[in-house]
2 protein chains.
Amino acid sequence: MAKMIDVAKLAGVSVATVSRVLAGSGKVSKNTKEKVERAMKELNYKPNKLARNLRKLESKTIVVVIPDISNPFFTDVIRGIQQVAQQHDYYVLLGDTGNDVKAELDFIDLIKERAADGVILVTARTSPEKILEIAQEVPLVVACEYIKGAHLSMVTIDNVSSSQKVVDHLVSLGHRRIGFISGPLNVIISRDRLKGYVSGLKKHGLEQDSSLIQEGDFTISSGFESANRLLDLAEPPTAVFASNDEMAIGTIKAIKNRGFQVPGDIAVVGFDDIQIATVIEPALTTVSQPKFEIGRCTMEILLELIQNPSTRQEHVVLPEHLVIRESCGYPLVR
Amino acid sequence: MAKMIDVAKLAGVSVATVSRVLAGSGKVSKNTKEKVERAMKELNYKPNKLARNLRKLESKTIVVVIPDISNPFFTDVIRGIQQVAQQHDYYVLLGDTGNDVKAELDFIDLIKERAADGVILVTARTSPEKILEIAQEVPLVVACEYIKGAHLSMVTIDNVSSSQKVVDHLVSLGHRRIGFISGPLNVIISRDRLKGYVSGLKKHGLEQDSSLIQEGDFTISSGFESANRLLDLAEPPTAVFASNDEMAIGTIKAIKNRGFQVPGDIAVVGFDDIQIATVIEPALTTVSQPKFEIGRCTMEILLELIQNPSTRQEHVVLPEHLVIRESCGYPLVR
DNA sequence: TAAATTTTTGTAATCGATTACATTAAGGAG
DNA sequence: CTCCTTAATGTAATCGATTACAAAAATTTA
């Protein structure tokens with residue numbers, strides 16, 4: 001494999017000149033530039049990035065830490081990240097933690113080892129304090145999760161108000177007894193969505209009934225089980241709002257399983273708008289997160305932070321919207 | 001950020017000794033080893049991987065080139081890759097090409113630039129000749145796609161015989177007029193699955209009717225359209241075998257759309273066994289690929305190839321199996 | 001034409017580890 | 001007690017680029 005010195009010799013110049021041609025830093029005469037380029041082509045020269053990285057003390061790589069890559073929600077975010085990264089000649093290292101806190105911290109450590117220039121945490125299992133501490137030292141942006149009061153760059157939607165909008169919608173359809181299936185309550189977004197549900201009820205003067213609130217864990221099966229508990233109530237809800245689409249699907253399965261109709265007997269709403277939401281029957285009414293845009297935006301902020309670590313942290317709240325499909329009794333729109 | 005020389009000074013030894021402690025290469029007295037370790041801890045020292053990589057001329061990174069990360073089929077393969085990579089202290093760079101050949105080649109170039117030690121192509125858009133040529137020069141393994149007669153490491157299932165099994169199953173249920181929706185026929189696996197379908201028909205003495213074969217492109221909508229063409233036939237099929245699950249879902253939608261029942265009027269079979277297959281109604285009978293295992297196996301072969309580039313190329317064929325669910329009229333098994 | 005300025009090119013230090021080779025210390029044999 | 005072997009440690013070259021600084025060449029100005 002040819003190196004720079006080989007190119008230099010063949011072109012009859014010094015390595016510095018070759019490096020300048022490579023960097024495109026104008027200070028080379030047209031003539032020698034051509035000579036060098038010819039030599040590079042002849043030797044099929046590719047610059048060694050390991051050497052460049054060491055000299056420049058950067059890796060041109062960022063790590064995306066995600067709990068589980070096979071979750072379709074995350075892959076759209078990753079695509080957004082990847083797109084911006086590619087535009088700026090950055091590589092994306094995959095940090096699939098399998099929901100393990102230790103793995104999460106290990107991936108973050110890559111930065112201290114200079115194997116990466118920055119991290120994106122797409123949700124975090126590590127404690128807020130710890131993350132805050134880390135963010136002081138390395139370029140870090142959190143996507144999809146809001147850590148309250150933290151001096152930290154974050155890109156999210158407003159989980160509280162969007163949940164409230166769901167309640168608005170259900171109430172406007174005449175529902176007064178609305179069940180809620182939350183995510184794990186140790187996760188912040190779960191609590192925020194619950195908060196929005198509760199404040200939505202209050203806003204419409206509906207009384208809050210704790211038996212209508214069930215805790216799931218974002219899986220289809222937990223949605224199924226939580227929905228069953230709601231259906232077992234003496235007075236079951238006429239609508240169920242699940243904190244993500246998977247649980248909404250579990251809910252639909254549970255309802256159908258009892259011989260009821262969706263939306264005829266019970267309306268269902270989800271959250272996230274993953275692809276399955278359009279495929280399931282009835283197609284799911286759900287809060288659509290701008291996943292791709294979240295990824296893009298997060299990466300842009302990270303790039304800024306890498307270039308200028310003293311950039312003021314910012315919390316970007318992107319707009320979401322409620323996509324009305326069939327599962328609440330509206331005609332299919334799309 | 002402390003470097004090795006700082007640790008050396010603090011411990012009162014030379015950098016060589018520190019390096020030896022780090023490498024765990026026995027030649028250090030217990031006493032100095034402890035001194036050095038104390039110093040490392042005190043300075044919170046992390047070795048600079050950029051420097052190590054340059055010196056060792058390796059990046060400890062591999063690239064996974066995939067057409068589209070938001071396709072759930074690929075993410076399971078990636079998880080398998082990632083697991084093995086992690087076990088061997090390798091990082092996984094994400095090469096999402098968005099189905100662009102140029103991007104594919106660019107990611108492969110990362111190896112020549114020493115930014116990666118090997119590549120995994122999870123399917124390939126580049127021409128077989130080109131891939132073969134590249135594989136001579138760099139450690140490369142192809143997953144999920146079989147390139148005929150090539151001296152190339154590959155990990156796949158047997159697409160021909162598994163498709164034939166699907167026909168076997170449908171015939172055993174009494175179907176004699178079986179429609180087939182292929183993937184794009186410029187892709188090898190599409191042709192293999194078609195081949196299996198055709199030989200399956202032959203095996204059971206069924207005549208081949210070209211109007212029963214429709215070409216799709218692996219998307220839900222192409223499945224929908226292809227199925228409609230089949231339903232428009234004077235004598236429509238009683239069963240449809242789609243070359244992947246997405247197209248099978250499109251097929252189910254098309255059938256229901258005309259007021260027919262699945263499996264009552266028409267049976268449907270898919271291929272791949274992605275998560276949606278279990279969620280759709282009726283749950284899809286489909287060929288289950290060992291996606292995670294494909295990933296694991298591919299990565300293991302790549303590691304071998306990196307360590308010893310002259311390793312003989314091998315083609316591993318992993319076992320798949322037909323998962324019988326509801327879409328062909330069998331009771332739900334799972 | 002000589003001096004001043006600008007442009008182009010080259011020399012060598014540098015990034016931070018690893019490791020071949022040299023050196024010193026320690027232990028064992030005679 | 002000396003010589004030899006082995007273990008422990010240190011010195012300095014090395015990986016392949018980038019870049020500060022120096023030097024040479026070309027151009028402009030007077």
Side-chain angles (χ1 to χ4, degrees), chain A residues 1-40 43-61 89 91 109-117, chain B residues 1-40 43-61 89 91 109-117:
Chain A
M1 198 128 289
K3 37 188 166 169
M4 187 172 275
I5 196 167
D6 302 319
V7 176
K9 274 181 191 154
L10 183 61
V13 297
S14 73
V15 287
T17 302
V18 177
S19 180
R20 285 186 196 108
V21 171
L22 217 55
S25 59
K27 314 269 180 188
V28 186
S29 79
K30 208 173 164 190
N31 192 13
T32 51
K33 187 177 167 194
E34 276 166 12
K35 269 194 304 188
V36 171
E37 278 168 347
R38 225 174 302 130
M40 294 203 296
L43 294 173
N44 191 23
Y45 171 74
K46 303 263 184 226
N48 183 320
K49 292 231 166 107
L50 297 177
R52 173 183 298 171
N53 290 346
L54 172 59
R55 177 59 226 240
K56 294 190 151 189
L57 291 181
E58 63 177 16
S59 63
K60 281 284 180 180
T61 299
D89 288 318
Y91 302 117
D109 261 353
L110 285 181
I111 301 191
K112 298 209 181 130
E113 299 167 348
R114 323 301 311 229
D117 301 339
Chain B
M1 197 126 292
K3 37 188 166 169
M4 188 172 275
I5 196 167
D6 302 321
V7 176
K9 274 180 193 155
L10 183 61
V13 297
S14 73
V15 286
T17 301
V18 177
S19 179
R20 284 191 274 257
V21 171
L22 217 54
S25 57
K27 314 268 179 189
V28 187
S29 79
K30 208 172 163 190
N31 191 15
T32 51
K33 187 179 168 196
E34 275 165 13
K35 270 195 302 187
V36 171
E37 277 168 349
R38 225 174 302 128
M40 293 202 297
L43 294 173
N44 191 21
Y45 170 75
K46 302 262 183 227
N48 183 322
K49 292 233 165 106
L50 297 178
R52 171 183 299 173
N53 289 347
L54 173 58
R55 178 59 225 242
K56 294 191 151 189
L57 291 181
E58 64 178 15
S59 62
K60 281 283 179 179
T61 298
D89 287 317
Y91 301 116
D109 262 353
L110 284 182
I111 300 191
K112 298 208 180 132
E113 299 167 346
R114 323 299 313 228
D117 301 338

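Per chain, numbering begins at 1; letters A, B, ... match sequence-line order.
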*Nearest to the side chain of B/Lys27 - C/dT9, D/dT9, D/dA17?*
D/dT9

*Nearest nucleotide by nearest heavy atom, which residue falls closer to the 5' end of DNA chain D, B/Gly12 or A/Ile5?*
B/Gly12

*asked:* Measure NZ/B/Lys112 against P/D/dA17 and give the value in whole Å, please.
replied: 16 Å

*To the nearest 0.5 angstrom, please state how far the CG atom of A/Asn53 sits from the CG atom of B/Asn53.*
8.5 Å

*Under 4.0 Å between a side-chain N/O of A/Tyr45 and OP1 or OP2 of D/dG16, yes or no?*
no

_Whole-Å distance separating the NZ atom of A/Lys9 from the C1' atom of D/dA17_ = 15 Å

*Assess whether atom NZ of A/Lys33 is packed by more than 12 heavy atoms of other residues, nucleotides or ligands within 6.0 Å.*
no

*Evaluate the side-chain proximity of B/Lys49 to B/Thr61: yes if any heavy-atom separation is below 4.5 Å, no if none is.*
no

_It should be established whether B/Lys56 places a side-chain nitrogen or oxygen under 4.0 Å from OP1 or OP2 of nucleotide C/dT18._
no

*Classify the nucleic acid contact of B/Thr17 as base, sugar-phosphate or nothing, counting any heavy atom under 4.0 Å across all strands shown.*
sugar-phosphate

_So, taking the atom named CG in B/Leu50 and the one named CZ in A/Arg55, what distance separates them when rounded to the nearest 0.5 Å?_
13.0 Å

_Expressed as a whole number of angstroms, how long is the span from B/Arg52:CZ to D/dT14:C1'?_
16 Å

*Is the closest side-chain heavy-atom distance between B/Lys3 and B/Asn48 below 4.5 Å?*
no

*Please give, in whole Å, the distance from C/dT9 C1' to A/Lys33 NZ?*
16 Å

*Check every strand shown and say whether B/Leu57 touches a base, only sugar-phosphate, or nothing at a heavy-atom separation below 4.0 Å.*
sugar-phosphate

*Rounded distance in Å - CE (A/Met4) to P (C/dA12)*: 18 Å

*Closest to the A/Leu54 side chain, choosing from C/dC15, C/dA17, D/dT9*: C/dC15

*Take atom CZ of A/Arg20 and atom C1' of D/dA17, then tell me their distance rounded to the nearest Å.*
13 Å

*Ignoring the backbone of B/Val15, work out which of D/dG10, D/dA12, D/dT18 is nearest its side chain.*
D/dA12

_Using whole Å, what does the distance between atom P of nucleotide D/dA17 and atom CG of A/Asn53 come to?_
12 Å

*Picking from A/Val18, A/Val28, A/Leu10, what satisfies side chain to side chain contact (heavy atoms under 4.5 Å, CB included) with A/Val36?*
A/Val18

_Working for side chain to side chain contact (heavy atoms under 4.5 Å, CB included), residues B/Val13 and B/Arg20_ = CA-CA 11 Å; B/Val13 297; B/Arg20 284 191 274 257; over 6 Å; no

*Hey, is the side chain of A/Arg55 pairing donor to acceptor with the base of C/dT14 inside 3.5 Å?*
yes

*Report yes if a side-chain nitrogen or oxygen of A/Thr32 is closer than 4.0 Å to either non-bridging phosphate oxygen (OP1 or OP2) of C/dT9; otherwise report no.*
yes

*Say you draw a straight line from NZ of A/Lys60 to CZ of A/Arg52; how long is it, rounded to the nearest 0.5 Å?*
9.0 Å

*Taking five pairs at each end of the helix from C/dT1-D/dA30 to C/dG30-D/dC1, what angle separates the two helix axes (nearest 10°)?*
50°

_Residue B/Val13, side-chain heavy atoms: nucleotide from D/dA17, D/dG10, D/dC15 that is nearest_ = D/dG10

*Grab the CD-P distance between A/Glu58 and D/dT18 for me, whole Å please.*
11 Å

*Looking only at side-chain atoms of A/Leu22, point me to the closest of C/dT9, D/dT18, C/dT18.*
D/dT18

*B/Ser14 has a side chain; which of D/dA17, C/dT18, D/dT11 sits nearest to it?*
D/dT11

